[in-house]
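In this chain, numbering begins with 1 at the start of the sequence shown.
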Amino acid sequence: PCFIPFFASLGGVVPRCADHNSLQFSFCLALVPGRGVEISEVTRLHRICPFAAFARGKHLGSHRLFYRFSSRGTMPVTAEILSKQDSATSQAIIDELKEDPNFRLLSERLMKEIINRDNEDGEKLAAGIKLAVDKGVLPAHVDVEPTMKVSVSGKSADAVADEIIKALGDAPSKGCVMTLQGLSGTGKGTTVAKLKEKLPNAQTWSNGNAFRSLTLLAVTAAEQKGCELKEMLTAEALGSFVNMLEFGTFNGKFDVKIEGLGMKHFVSEVEKTVLKDSKVGKNIPTVAEVTQGEVVNFVQVALNKMAAGGVNVLLEGREQTLDHIRSPHRFELVLDDPVIIGMRQAALQMGAKAAEKLKDGGDDAAVKAALMAAMAELQ
């Protein structure tokens, strides 16, 4: 069906039947009286569909020829597809190389690395949450709303986003908070981007600026008191820093105000300057380790205000943290086969390396060679 507009340009096309599962359909090329069908026109079809097979059918009078279009393979990775460097590029690489034993080995290795890294990050977050519980900042037990698992296997980002939107029902018409979790490589970032495109008045939320704001305050306090940073990370000090942060409507938009220790900033105005200062950046891990609870509580208030204002807030994160955010709209992206995570990462890295090698383009053979060379480098 996607080729029908092109076929129509040849002088009149009538789809005869369709089988969308096998990507086969027949079409009838209606000839303009007095005008023959030139072989170049069928050649044009072969050029845009190199994987297609055309079988000339019988004459249907003097004005019609019957052809069958058949596509059994997948679109090859061309220089154009490679240059896009998006999810379609990765999928094309996976489709072409998924049966390659070396690609499989690379994918399995990357999958294990990703899962191990996720487990390590999860343990660190869990430790931060436990510390918050021990300090009395977060409750020891929470009732987590049901989380809908969404399989992303064999689905486009658009299809995954549409499935989530359907499950949201009419909530987006009023404003809501939606959480999204899943292993690295399941496509959380891509899905959130698609949801932001499709949902009305949608905004993403990142905890990064909250951690940066608390780090700025802690570092500044340590400088003013002439002490070590760790002395400013007590429960009492952190509580005072949290009180210097306020989320609300400022200058006609939702923002975070930082006010205290002689400073007054709006995060939207300093997120690329003051909050990116090296003294902030290098100390974020130290501060984040002991402020998980404080940030979760601050974020919950901010999210509630935004949703009440009609905003659809998209919150992507880890299960350990999201469990402490209250929302009935919870989703987890999953894959039927975990090795797909490794395949996606392998395709992403190979695609980037191959694109670098083919800055000036190249034919399909050159693209394949560049991909093979990239895979060898990553082994």
Heavy-atom closest contact ([X] atom, [Y] atom, distance):
| X | Y | result |
| --- | --- | --- |
| Ser213 | Val267 | OG-CG2, 3.7 Å |
| Ala307 | Val177 | CB-CG2, 4.0 Å |
| Phe254 | Met306 | CZ-CA, 3.9 Å |
| Met148 | Ala167 | SD-CB, 3.6 Å |
| Lys279 | Asp277 | N-OD1, 2.9 Å |
| Leu217 | Leu261 | O-CD1, 3.4 Å |

Practice task
Before giving the answer on side chain to side chain contact (heavy atoms under 4.5 Å, CB included), spell out for Ile94 and Arg344 the whole-Å C-alpha distance, their side-chain angles and the decisive distance to 0.1 Å.
Solution key: CA-CA 7 Å; Ile94 292 172; Arg344 289 181 170 183; 4.0 Å; yes
Exercise for the section: Please name the residue in the list Val270, Leu275, Asp255 that meets the side chain to side chain contact (heavy atoms under 4.5 Å, CB included) test with His265. Expected result: Val270
[X] [atom1] to [Y] [atom2] distance, which is reported to the nearest 0.5 Å:
| X | Y | atom1 | atom2 | value |
| --- | --- | --- | --- | --- |
| Thr179 | His329 | OG1 | NE2 | 10.0 Å |
| Gln292 | Lys130 | CD | NZ | 14.5 Å |
| Leu335 | Lys155 | CG | NZ | 10.5 Å |
| Arg104 | Leu106 | CZ | CG | 12.0 Å |
| Arg212 | Ile284 | CZ | CD1 | 3.5 Å |

Using a 3.5 Å distance criterion without hydrogens, assess whether the side chain of [X] forms a donor-acceptor pair with backbone atoms of [Y].
| X | Y | value |
| --- | --- | --- |
| Asn312 | Pro172 | yes |
| Glu96 | Val77 | yes |
| Asp323 | Val144 | no |
| Lys188 | Gly182 | yes |
| Lys174 | Asp170 | no |
| Thr89 | Ile81 | yes |
| Ser156 | Ala159 | yes |
| Glu316 | Val192 | no |
| Lys305 | Thr249 | no |
| Asn201 | Gly310 | yes |

Are [X] and [Y] linked by a side-chain donor-acceptor pair shorter than 3.5 Å?
| X | Y | answer |
| --- | --- | --- |
| Ser240 | Asn243 | no |
| Asn119 | Glu123 | no |
| Asn116 | Glu120 | no |
| Thr215 | Asn283 | no |

Problem - Lys368/Asp364 salt bridge by N-O under 4.0 Å criterion - result: no
Handout entry: Ring geometry between Phe247 and Trp205 (parallel below 30°, tilted from 30 to 60°, perpendicular above 60°)
Key = perpendicular
Handout entry: Steps toward side chain to side chain contact (heavy atoms under 4.5 Å, CB included) verdict (Thr286, Leu233)
Key = CA-CA 9 Å; Thr286 302; Leu233 300 181; 3.9 Å; yes
Exercise for the section: Apply salt bridge (Lys or Arg N to Asp or Glu O under 4.0 Å) to Glu108 and Lys112, showing your working. Expected result: CA-CA 6 Å; Glu108 290 175 351; Lys112 292 175 182 177; 5.8 Å; no
Is any side-chain heavy atom of [X] less than 4.5 Å from a side-chain heavy atom of [Y]?
| X | Y | answer |
| --- | --- | --- |
| Thr147 | Leu322 | no |
| Leu199 | Leu314 | yes |
| Phe241 | Glu294 | no |
| Met343 | Met111 | no |

Problem - Derivation and outcome, side chain to side chain contact (heavy atoms under 4.5 Å, CB included), residues Leu315 and Leu180 - result: CA-CA 6 Å; Leu315 180 61; Leu180 185 67; over 6 Å; no
Handout entry: Results of salt bridge (Lys or Arg N to Asp or Glu O under 4.0 Å) for Lys124 - residues two or more places apart only
Key = none
Starting from [Y], can I reach [X] by hopping between I/L/V/M/F/W/Y residues whose side chains sit under 4.5 Å apart?
| X | Y | value |
| --- | --- | --- |
| Leu348 | Leu371 | no |
| Met263 | Val287 | yes |
| Met244 | Val242 | yes |

If you count the non-hydrogen atoms of other residues, nucleotides and ligands that lie under 6.0 Å from [atom1] in [X], is the total more than 12?
| X | atom1 | value |
| --- | --- | --- |
| Lys257 | NZ | yes |
| Asp337 | CG | yes |
| Lys198 | NZ | yes |
| Gln379 | CD | yes |
| Glu377 | CD | yes |
| Glu289 | CD | no |

Handout entry: CA sep, side-chain torsions, deciding dist, call: Arg318, Asp118, salt bridge (Lys or Arg N to Asp or Glu O under 4.0 Å)
Key = CA-CA 9 Å; Arg318 303 277 185 176; Asp118 275 4; 3.0 Å; yes
Practice task
Could you please spell out the steps behind the side chain to side chain contact (heavy atoms under 4.5 Å, CB included) verdict for Glu246 and Glu259?
Solution key: CA-CA 8 Å; Glu246 180 184 357; Glu259 187 168 15; 5.8 Å; no
Practice task
Show your reasoning for whether salt bridge (Lys or Arg N to Asp or Glu O under 4.0 Å) applies to Arg117 and Asp121.
Solution key: CA-CA 6 Å; Arg117 189 164 58 246; Asp121 290 345; 5.5 Å; no
